[in-house]
S.K.: 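Supplied in structure tokens, the structure appears directly below.
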2 protein chains.
Amino acid sequence: MRSKPTQPRMSDVAKAAGVSTMTVSRAFKQDASVNEKRRSEILRIADEMGYIFDKSASELRTKRTGFVAVTVPSINNSNFADTVRGLTDSLAESGLEALLGYTNYHIDQEEQIIKQLLRRKPEAMVVTGSTHTDKTRSRLKRSGIPVVECWDEPHNPVGYSVGYSGAAAGSMVADHLVERGYKRIGFIGGHTQTDTRGTDRQRGFTERLREHGLPHDRIISVGPPPVGMAQGARGAQLLLERFPDTDAIMCVADSAAFGAMTEFQRSGMRIPDDIAVAGFGAFDVGAFSLPDITTIDPKGYAIGEGAGRLIAALLAGTAGSGSGSHVSIEPSLVVRHST
Amino acid sequence: MRSKPTQPRMSDVAKAAGVSTMTVSRAFKQDASVNEKRRSEILRIADEMGYIFDKSASELRTKRTGFVAVTVPSINNSNFADTVRGLTDSLAESGLEALLGYTNYHIDQEEQIIKQLLRRKPEAMVVTGSTHTDKTRSRLKRSGIPVVECWDEPHNPVGYSVGYSGAAAGSMVADHLVERGYKRIGFIGGHTQTDTRGTDRQRGFTERLREHGLPHDRIISVGPPPVGMAQGARGAQLLLERFPDTDAIMCVADSAAFGAMTEFQRSGMRIPDDIAVAGFGAFDVGAFSLPDITTIDPKGYAIGEGAGRLIAALLAGTAGSGSGSHVSIEPSLVVRHST
DNA sequence: TTGAAAGCGGTACCAG
DNA sequence: CTGGTACCGCTTTCAA
């Protein structure tokens, strides 16, 4: 039985190496001036002792944490996963890490998560969407660090933003369906209150239908996000009950589109002959399904990458314009066989 | 223009509230003894000043960070997402947070991530799988904190573990296919070197085929993980080239199974009449596809929950048995129409 | 290139 | 219930 299983500190390493604590500290820095031979010797000894650098102590003294906090609604969504990858990759180039929190699509949970993350003093903050509680907004504004809102084009931005207009994306799909000759077109989405980005798409979609002089009231709401396959299937049932002569629908996400499409197929309908189906998000499932599903590619990786680059520039003081600037990422229509 | 935009410290709040720093510190703790009226007053003032508690300083002094580090291969996989949810939920009951890192299915990346996470002094560490670099193993062992390996039944455990035998899961599927009368059965999976958990399933699967006296060499390897829909589709093509008379396959994951199944369907084959398809993971896509896909439910949420409870017990000193104990989560077969 | 001392912002500990 | 003091482990600063 060992007497004291306490972790070694930097001073313990210093003692073992016969140098001062400062020299050990320098040995652990990239560019500090230490005798090279001595440095490798120190690192060897530290490793041997099982020394683990204490980030809390370092952070307290340097006031640099080297990380960016990120909040996403869900960790199981390929769009947000792409954004996190893009962000992680681009931040890595500046030696920054990303620390992830997830909100479950609830702005109240977001408030808690952001509060906790801010206590760790991130160098910048990336959040998803532009709908936040008042407390969150004021905390972010007062935090003194760069804030980037992703996946949206905020009307009332907290700071910077990287994304696209969800409404514009919705109208792209509407135009496409109208061009294809569909006349009785519906939309399946989530609750207007909670699925805020989905509601933007819906608004752009139905608004454009109206401009084309088509009915735009065939809207099915299937509950709070995430709007997945089960919700899409349920939405398809509701649509057939309420608007049985619908000839095309857009779903708020590809997962829902797949759920709806397979539900239609189960009831004997053919896609797109009996009903056309479009989605959003360019998820894998819509690329491999039978038929494959027309969708919008929102460029999730590019959004994350853009946010990461913006932050790197801001922290390096290389930023161009002033606060509140927006980086636009243009989504693209991907036409496939379901329409 | 303000002169000094520095964030207020606890002592600033104390000054503003006319109390000592200690009293403010106590006001911020759950169960500390402070005059209730004074406490709410202090919290109000702190909020008004935009004070943000400094976790680094607190951690340094208390040596408690209140978080558990978790590494998962991918953030875009519903199985791991379930585990993270289960873990987060159960840790929350003990007032602990989960901090997430992801490894991209690479043990070298895992080594880096774990090194970084350990510097933040987590109270415990949850990792996915039981394959790690030697450095990672020794770091984890020397860290002095509880370590839980998830999603596996390690032969050579680092500490605790919560999961199931991948091989046993594989044999369940083999038994099912044999029972259904299939004779020429294949497997589509990832590289043996990198897709370690998938390889466990494959071993159990082919081993059981051998025990049934059936051919067990119809193995298609489609590259490193993640083995998704594209890989499944490619695997289906390769299978038809190499073993055209195959009458059933298991895929290492439902995503791959869906990719393979739709590829078969595109080439005119019917499922399960021309070929049966089974997957693994109980992903949504296999529940809504046409036909729906027979799979194994690995109970990802339960794994996370189990790990969280184990950690909570260990940190509270309420743990039962000694080091190296394993919590078994039994996966279940979900029979659907694709077999 | 190296070392000594002070201090980052909280909290353990002890006194009142 | 409240306050004073020392100190957590590392790094800034200054001197050698």
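Bear in mind the structure is a predicted one, so any value in this text is a computation, not a measurement. When reading the values below, keep in mind they use all heavy atoms of this one structure, side chains included, and skip hydrogens, waters and symmetry mates. Below, chains carry the letters A, B, ... as their sequence lines are ordered, and counting in each starts from 1.
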S.K.: Of all the heavy-atom pairs spanning F67(B) and L96(B), show the shortest one and how long it is.
M.R.: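 Closest approach of F67(B) to L96(B), heavy atoms only: N-CD2, 4.2 Å.
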S.K.: Would R39(A) count as a cation-pi partner of F28(A), with NZ or CZ less than 6.0 Å from the six-membered ring centre and within 45° of the ring normal?
M.R.: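 Verdict for F28(A): no cation-pi partner in R39(A).
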S.K.: Between the base of dG3(D) and the side chain of R26(B), is there any donor-acceptor pair under 3.5 Å?
M.R.: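 Answer is yes: a donor-acceptor pair is held.
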S.K.: Ignoring the backbone of T23(B), work out which of dG3(D), dG9(C), dT11(D) is nearest its side chain.
M.R.: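 The listed nucleotide nearest to T23(B)'s side chain is dG3(D).
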S.K.: If you compare every side-chain N and O of S58(B) against the phosphate oxygens of dG10(C) (OP1, OP2), does one of them come in below 4.0 Å?
M.R.: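 Looking at the OP1 and OP2 atoms of dG10(C), neither is under 4.0 Å from any side-chain N or O of S58(B).
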S.K.: Could you tell me how far apart R64(B) (CZ) and dA12(C) (P) are, to the nearest whole angstrom?
M.R.: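 Answer to the nearest Å: 11 Å.
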S.K.: State which of dT11(C), dT2(C), dT11(D) makes the closest approach to the side chain of T21(A).
M.R.: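 Closest of the options to the side chain of T21(A): dT11(D).
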S.K.: Is any side-chain N or O of R38(A) closer than 4.0 Å to OP1 or OP2 of dT2(C)?
M.R.: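 For dT2(C), OP1 or OP2 has a side-chain N or O of R38(A) closer than 4.0 Å.
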S.K.: Please confirm whether the shortest side-chain N or O distance from K63(B) to OP1 or OP2 of dG9(D) is below 4.0 Å.
M.R.: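 Yes, K63(B) has a side-chain N/O under 4.0 Å of OP1/OP2 on dG9(D).
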S.K.: Is any side-chain N or O of R61(B) under 3.5 Å from a base N or O of dG9(C), one able to act as donor and the other as acceptor?
M.R.: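 No.
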S.K.: Would you say dT11(D) has OP1 or OP2 under 4.0 Å from some side-chain N or O of T62(A)?
M.R.: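 Answer is no, no contact under 4.0 Å.
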S.K.: For E48(A), does the CD atom sit with more than 12 other heavy atoms under 6.0 Å from it, leaving out its own atoms?
M.R.: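 More than 12 within 6.0 Å, yes.
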S.K.: dG3(C) C1' sits how many Å from M10(A) CE, rounded?
M.R.: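 In whole Å, dG3(C) C1' and M10(A) CE are 15 Å from each other.
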S.K.: Please report the shortest heavy-atom distance between V147(B) and S143(B), naming the atom on each side.
M.R.: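 Shortest heavy-atom separation between V147(B) and S143(B) comes out as CG2-OG, 4.3 Å.
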S.K.: Just the rounded figure in Å: distance from C1' of dG3(D) to NZ of K15(B).
M.R.: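 About 16 Å, once rounded to whole Å.
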S.K.: Expressed as a whole number of angstroms, how long is the span from K121(B):NZ to dG9(D):C1'?
M.R.: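 Those two atoms, NZ and C1', are 9 Å apart.
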S.K.: How long is the line joining CG of L60(A) and P of dT11(C), in whole Å?
M.R.: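 After rounding, the reported distance stands at 12 Å.
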S.K.: When the nearest nucleotide of DNA chain D is assigned to R9(A) and to M22(A) on a heavy-atom basis, which residue is associated with the more 5' position?
M.R.: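 The answer here is R9(A).
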S.K.: Distance check needed: dG3(C) C1' versus I42(A) CD1, whole Å only.
M.R.: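 So the two atoms are 13 Å apart, to the nearest Å.
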S.K.: Using modelled atom types and a 3.5 Å cut-off, is there a donor and acceptor pairing between side-chain atoms of N35(A) and backbone atoms of K37(A)?
M.R.: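 Between the backbone of K37(A) and the side chain of N35(A) there is a qualifying donor-acceptor contact (under 3.5 Å).
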S.K.: Whole angstrom is fine here: how far is it from NZ in K29(A) over to P in dT2(C)?
M.R.: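 After rounding, the gap between these two atoms is 17 Å.
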S.K.: Between dG9(C) and Y51(B), is there an OP1 or OP2 to side-chain N/O distance shorter than 4.0 Å?
M.R.: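 Indeed not, no polar side-chain atom of Y51(B) lies that close.
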S.K.: May I have the distance from D54(B) (atom CG) to dG7(C) (atom P), rounded to whole angstrom?
M.R.: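 In whole Å, dG7(C) P and D54(B) CG are 18 Å from each other.
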